Amino acid sequence: MTRISKTELAKLTWEALCQAFPDSACSLDYDEPYKLAIRGILSAQCTDVRVNITSAELFGIYDSIDRINEASEEDIGRIIKPCGLYKSKAKSIKAFAALLAGEWGYEIPRDTTELMRVPGIGRKIANLIVGEIYQIPAIVVDTHCKRVMKRIGITKSDTPVNVERDMMKVFKKEQWIAIGHLSVDLGRAYCTARAPKCDTCPLNTFCKRSI
Ligand code: SF4
């Protein structure tokens with residue numbers, strides 16, 4: 001096969017993923033913006049399914065940001081324990097609630113740097129928040145996205161910020177939000193960490209690893 005440019009690779013990847021996963025979307029449930037942010041905090045080293053179950057319990061008891069702000073770190077920690085790292089996550093949730101109900105005046109910032117003032121909200125979650133809530137172009141590089149992009153040949157890096165930079169160079173701005181979700185879909189369905197299903201993968205005619 002003739003060598004293809006990274007721009008062409010990105011174009012082929014985008015088309016194949018859109019065709020394979022037409023209903024792709026964020027896998028964290030949310031009906032209110034603050035819930036997405038809290039689910040993002042809970043998602044560190046935890047599955048989205050577990051986050052959705054446990055956070056539904058949390059929001060069933062504390063049904064507003066004010067109620068979360070008033071709750072004790074210990075009580076929050078007890079509920080979110082199944083998500084792991086519960087002490088630091090409870091601290092992050094409390095810090096987020098205090099800023100949102102205080103300094104931020106109940107409006108989630110559009111600025112990722114401001115969001116990253118919350119311990120537990122790093123670049124990945126900040127990008128998820130601004131992308132989902134405000135539709136501000138941002139790429140969420142999670143473990144699936146990182147793995148998939150390296151295998152396809154879009155990046156050589158294992159560092160999320162470098163993967164994000166390489167993706168920004170070749171995917172169009174209007175694709176940035178969706179490409180994160182699409183990569184997760186591919187990573188779960190075909191390009192799994194241990195046993196990628198290259199034989200049936202929709203990207204196998206151009207993916208660097210399989211050709
Ligand atoms: S062809 Fe294989 S390595 Fe490449 S994206 Fe598909 S599953 Fe992953």
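In this text the structure is predicted, and so the values were computed from the model without any measurement. When a ligand or atom number is given, it counts from 1 through the structure's own listing order.
- Under 4.0 angstrom from ligand 1, the non-hydrogen atoms of C191 come from both its backbone and its side chain.
- V51 and V184 are members of different hydrophobic clusters when ILVMFWY side chains are connected at heavy-atom separations under 4.5 Å.
- Contacts between C207 and ligand 1, counted as non-hydrogen atom pairs separated by less than 4.0 Å, involve the side chain only.
- Counting heavy atoms closer than 4.0 Å to ligand 1, residue V148 contributes nothing at all.
- Looking at atom 6 (Fe) of ligand 1, its nearest protein heavy atom turns out to be C201 SG, 2.4 Å.
- Numbered from 1 in the order shown, with element, the atoms of ligand 1 that lie under 4.0 Å from a heavy atom of P196 read 7 (S).
- Between T192 and ligand 1 there is no heavy-atom distance shorter than 4.0 Å.
- Listed by atom number, the atoms of ligand 1 under 4.0 Å from S210 heavy atoms are 1 (S).
- Side-chain contact between I108 and F96 is present, with at least one heavy-atom pair separated by less than 4.5 Å.
- The residue from R123, K124, K169 that alone fulfils the salt bridge (Lys or Arg N to Asp or Glu O under 4.0 Å) condition with E164 is R123.
- For atom 3 (S) of ligand 1, the closest non-hydrogen atom of the protein is R209 CD, 3.5 Å.
- Nearest to atom 2 (Fe) of ligand 1 among the protein's heavy atoms is C198 SG, 2.3 Å.
- Both L28 and L100 belong to a common hydrophobic cluster when Ile, Leu, Val, Met, Phe, Trp and Tyr are linked at side-chain heavy-atom distances under 4.5 angstrom.
- Annotation: side chain of D75 is in contact with side chain of Y62 (closest heavy-atom distance under 4.5 Å).
- Here R78 does not pair with E74 in a salt bridge; the nearest charged N to carboxylate O distance is not below 4.0 Å.
- Every atom of ligand 1 is numbered from 1 in the order shown, and the set under 4.0 Å from a heavy atom of L186 is 5 (S).
- Contact check on K150 versus D158 returns a salt bridge, with a Lys/Arg side-chain nitrogen under 4.0 Å from an Asp/Glu carboxylate oxygen.
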